[in-house]
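For reference, the structure is listed below as structure tokens.
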Amino acid sequence: MPTLWSGRFGGDESNDLLRALGDSLEYDRRLYVEDIAGSRAHVRMLAGSDLITTEEMAAILQALDRVESEIEAGTFEFDSNDEDIHTAVERRVTELTPAGAKIHTGRSRNDQVAVDMRLFTRSAIDRITDLVHRLQGAMLWAAERSDSAVVPAYTHLQRAQPVTLGHYFLSHGWALQRDVERLADARHRANVSPLGAGAIAGTSLPIDVEATAAELGFDSVFENSIDAVGDRDFVAESLFCLALLGVHLSRIGEDIVLWSSSEFGYLTLDDRFSTGSSMMPQKKNPDVAELVRGKTGRLIGNLTGLLVALKGLPSGYNKDLQEDKEALFDSVDTISRIIPALAGTIDTATLNVDRMRDAALDPLLSATDLAEWLVKKGVPFRDAHGIVGALVQQSVSGDGDFVDLVRSSPYFGADAANIIGSMLRDSHGSGSPVNLDTQIERFRRTIGER
């Protein structure tokens with residue numbers, strides 16, 4: 001079968017090396033749903049603009065339905081000359097009806113692939129947003145079932161101050177909410193129709209860009225044909241959103257790795273979300289959490305790879321833009337696999353709340369509360385910090401129990417000693433028990449408003 005541009009070239013234009021490098025059918029065939037949807041809208045627009053007859057439109061639409069059914073059934077026969085999914089679909093439509101030769105009227109593969117990618121990106125964002133919502137639900141459920149459990153909060157991976165366990169889970173939930181909001185913003189910018197831009201400068205034919213945009217559910221249409229075919233900002237932005245989402249998931253994974261270790265012992269992983277060792281019978285490894293952590297590198301790599309491909313391009317469409325697909329497909333697939341696995345790990349883990357409580361109620365973790373107790377008495381914070389720090393030094397040096405040192409200190413006494421472990425902090429967004437119910441309700445309301 002001749003190529004779409006065979007009229008310009010003389011003789012045998014086949015070049016296996018060029019085909020091996022440039023053909024994208026191997027990975028872009030997954031865009032068949034989007035490609036056929038875009039073609040349906042385009043064909044209806046052509047009929048509405050009197051560029052094809054109603055009969056021709058019906059024949060092409062019927063052929064498109066047949067192509068979609070064949071691909072979904074696995075009976076579609078791809079040809080060796082099919083460079084990409086666009087070529088394959090058009091070739092088969094033309095085999096099914098002579099009217100298929102008119103399907104490409106008023107469009108180029110440049111605006112065609114752009115619309116396919118925008119449709120794919122839009123739907124992928126919707127699917128991933130739903131997965132993030134489910135993970136947020138797991139965080140909410142974990143916070144609700146934590147009751148009065150407390151755990152140390154860490155800075156520099158050193159025990160810092162005690163917080164409720166629910167406060168810890170919601171810290172990840174709120175980070176995921178920012179991911180949801182970023183994905184929504186990216187979706188808005190992706191939801192712009194490029195159909196009608198043609199190869200780069202539009203077309204002299206009387207097409208209706210608003211009609212195709214409306215049928216495909218786009219919010220708006222392109223404003224500049226050069227920008228429309230050369231723009232892959234929406235892919236880069238989506239890859240950034242997925243990479244940052246991956247970073248947040250990786251941090252959750254790292255916490256699971258640490259907390260499930262014997263040194264922490266804060267949680268026990270379910271056997272279904274763990275693996276063993278081929279050599280050491282006692283091992284129970286947090287593979288899901290580790291893979292989430294590791295695969296985040298792929299997400300970051302896909303983003304940087306595309307940005308590098310884009311940064312030196314001249315205006316308009318360039319073949320380099322073909323590199324957007326594998327990066328986006330891989331990031332979407334990676335995120336779509338790791339979120340459910342991570343949610344399942346969290347849902348099925350056993351929380352060892354006694355171990356957490358013993359660590360969280362270490363008297364030394366109330367040092368800041370004691371300093372603030374002095375501040376309430378009128379002592380400057382820097383002075384209060386020094387006073388408490390000196391008592392900590394005495395305790396860790398073996399000169400006495402910290403609580404006893406506080407009780408006998410001229411700066412404190414029995415009243416101050418009684419606040420140790422009491423978690424009196426009640427400022428907005430703090431990790432005290434008195435704030436947890438309010439925060440849970442705010443989080444439930446926030447993730448419910450979608």
Nearest-0.5 Å distance, [atom1] of residue [X] to [atom2] of residue [Y]:
| X | Y | atom1 | atom2 | answer |
| --- | --- | --- | --- | --- |
| Leu299 | Lys295 | CG | NZ | 9.5 Å |
| Ser193 | Glu215 | OG | CD | 11.0 Å |
| Ile419 | Glu372 | CD1 | CD | 9.0 Å |
| Tyr317 | Arg232 | OH | CZ | 6.5 Å |
| Arg445 | Glu441 | CZ | CD | 5.5 Å |
| Leu131 | Ile338 | CG | CD1 | 10.5 Å |

Can any side-chain N or O of [X] pair as donor or acceptor with the backbone N or O of [Y] at less than 3.5 Å?
| X | Y | result |
| --- | --- | --- |
| Ser422 | Asn418 | no |
| Asp130 | Asp126 | no |
| Arg122 | Gly217 | yes |
| Asn435 | Ser427 | yes |
| Lys284 | Leu269 | yes |
| Ser331 | Leu328 | no |
| Arg293 | Gly253 | no |
| Asp227 | Glu223 | no |
| Ser366 | Asp369 | no |
| Asn302 | Arg298 | yes |

Check: How far apart are the C-alpha atoms of Glu77 and Arg92, what are their side-chain angles, what is the distance that settles it, and do they pass the salt bridge (charged side-chain N to carboxylate O under 4.0 Å, His left out) test?
Finding: CA-CA 9 Å; Glu77 294 184 6; Arg92 180 60 175 145; over 6 Å; no
Taking all non-hydrogen atoms of both residues into account, name the closest pair between [X] and [Y] and its distance.
| X | Y | value |
| --- | --- | --- |
| Thr121 | Ser238 | CG2-OG, 3.2 Å |
| Ser260 | Val257 | OG-O, 3.3 Å |
| Ala213 | Val221 | CB-CG1, 3.4 Å |
| Ala349 | Leu267 | CB-CD1, 4.4 Å |
| Met423 | Pro433 | CE-CD, 3.7 Å |
| Ala197 | Asp111 | N-OD2, 3.6 Å |

Check: Are Arg109 and Glu83 within salt-bridge range, i.e. N to O under 4.0 Å?
Finding: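 Glu83 and Arg109: salt-bridged.
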Margin query: Do the side chains of Lys325 and Asp330 get close enough for a salt bridge, i.e. N-O under 4.0 angstrom?
Written below: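 Result for this pair is no, no salt bridge flagged.
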Notebook entry, point to check: Among Asn352, Thr348, Thr350, whose side chain to side chain donor-acceptor pair (under 3.5 Å) with Thr268 holds?
Noted result: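 That would be Asn352; it is the only one of Asn352, Thr348, Thr350 passing the side chain to side chain donor-acceptor pair (under 3.5 Å) with Thr268.
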Next item on the list: Kindly write out the residues that satisfy side-chain contact (heavy atoms from CB on, under 4.5 Å) with Thr438, not counting sequence neighbours, or none if the list is empty.
Entry: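 Thr438 satisfies side-chain contact (heavy atoms from CB on, under 4.5 Å) with Arg442 only.
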Next item on the list: Name all residues meeting the side-chain contact (heavy atoms from CB on, under 4.5 Å) criterion together with Asp233; count only those two or more places apart in sequence or in a different chain, and write none if there are none.
Entry: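 Asp233 satisfies side-chain contact (heavy atoms from CB on, under 4.5 Å) with Asp231 only.
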Got a sec, which pairs hit ring pair (Phe, Tyr, Trp, His ring centres under 6.0 Å) with one end in [range], sequence neighbours left out?
| range | value |
| --- | --- |
| residues 334-370 | none |
| residues 410-434 | Trp373-Phe412 |
| residues 330-353 | none |
| residues 265-286 | Trp259-Tyr266, Phe264-Tyr266 |

Notebook entry, point to check: Which is it for Asp185 and Arg182 under the salt bridge (charged side-chain N to carboxylate O under 4.0 Å, His left out) test, yes or no, and what are the steps along the way?
Noted result: CA-CA 5 Å; Asp185 288 343; Arg182 265 186 292 270; over 6 Å; no
Next item on the list: Could you list the residues that satisfy salt bridge (charged side-chain N to carboxylate O under 4.0 Å, His left out) with Arg178, not counting sequence neighbours?
Entry: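 Applying salt bridge (charged side-chain N to carboxylate O under 4.0 Å, His left out) to Arg178 gives none.
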Item checked: Contacts of Asp270 that satisfy salt bridge (charged side-chain N to carboxylate O under 4.0 Å, His left out) - sequence neighbours left out ->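 Result, salt bridge (charged side-chain N to carboxylate O under 4.0 Å, His left out) vs Asp270: Arg272.
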Next item on the list: Please name all residues satisfying ring pair (Phe, Tyr, Trp, His ring centres under 6.0 Å) with Phe329, sequence neighbours left out, ordered by chain then number.
Entry: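 Scan of Phe329 (ring pair (Phe, Tyr, Trp, His ring centres under 6.0 Å), adjacent residues dropped) gives Phe120.
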Note to self: List the residues meeting ring pair (Phe, Tyr, Trp, His ring centres under 6.0 Å) with Trp141, not counting sequence neighbours, and say none if there are none.
What the structure shows: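 Trp141: no ring pair (Phe, Tyr, Trp, His ring centres under 6.0 Å) contacts found.
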Are [X] and [Y] close enough that a side-chain donor and a side-chain acceptor fall under 3.5 Å?
| X | Y | result |
| --- | --- | --- |
| Ser39 | Arg107 | yes |
| Tyr32 | Glu70 | no |
| Asp82 | Thr87 | no |

Note to self: With a sphere of 6.0 Å drawn around CD of Glu26, does it hold more than 12 non-hydrogen atoms of other residues, nucleotides or ligands?
What the structure shows: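 Not buried by this count: 12 neighbours or fewer within 6.0 Å.
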Compare all side-chain heavy atoms of [X] with those of [Y] and state whether any distance is below 4.5 angstrom.
| X | Y | result |
| --- | --- | --- |
| Ser336 | Ile128 | yes |
| Met117 | Leu31 | yes |
| Leu216 | Arg40 | no |

Margin query: Glu144 vs Arg444, test: salt bridge (charged side-chain N to carboxylate O under 4.0 Å, His left out). Steps then yes/no.
Written below: CA-CA 10 Å; Glu144 291 172 332; Arg444 183 187 296 110; 2.4 Å; yes
Show every donor-acceptor pair shorter than 3.5 Å between a side-chain atom in residues 240-251 and any protein atom, with sequence neighbours excluded, or say none if there are none.
{"residue": "His248", "atom": "ND1", "partner": "Asp179", "partner atom": "OD1", "Å": "3.3"}
{"residue": "His248", "atom": "ND1", "partner": "Asp179", "partner atom": "OD2", "Å": "2.7"}

Identify each donor-acceptor pair in which a side-chain atom of residues 389-406 lies under 3.5 Å from a protein atom, sequence neighbours left out, and give them as a table.
{"residue": "Gln393", "atom": "NE2", "partner": "Ser397", "partner atom": "OG", "Å": "2.8"}
{"residue": "Ser395", "atom": "OG", "partner": "Gly400", "partner atom": "O", "Å": "3.4"}
{"residue": "Ser397", "atom": "OG", "partner": "Gln393", "partner atom": "O", "Å": "2.7"}
{"residue": "Asp401", "atom": "OD2", "partner": "Val403", "partner atom": "N", "Å": "3.0"}
{"residue": "Asp401", "atom": "OD2", "partner": "Asp404", "partner atom": "N", "Å": "3.2"}
{"residue": "Asp404", "atom": "OD1", "partner": "Arg407", "partner atom": "NH1", "Å": "3.1"}

Notebook entry, point to check: In this structure, which one of Asp84, Asp116, Val113, Asp35 forms a side chain to side chain contact (heavy atoms under 4.5 Å, CB included) with Asp28?
Noted result: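 Per the side chain to side chain contact (heavy atoms under 4.5 Å, CB included) rule, the option paired with Asp28 is Asp84, out of Asp84, Asp116, Val113, Asp35.
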Next item on the list: Go through the steps to decide whether Ile387 and Leu374 satisfy the test side chain to side chain contact (heavy atoms under 4.5 Å, CB included), and finish with yes or no.
Entry: CA-CA 9 Å; Ile387 292 168; Leu374 288 176; 4.1 Å; yes
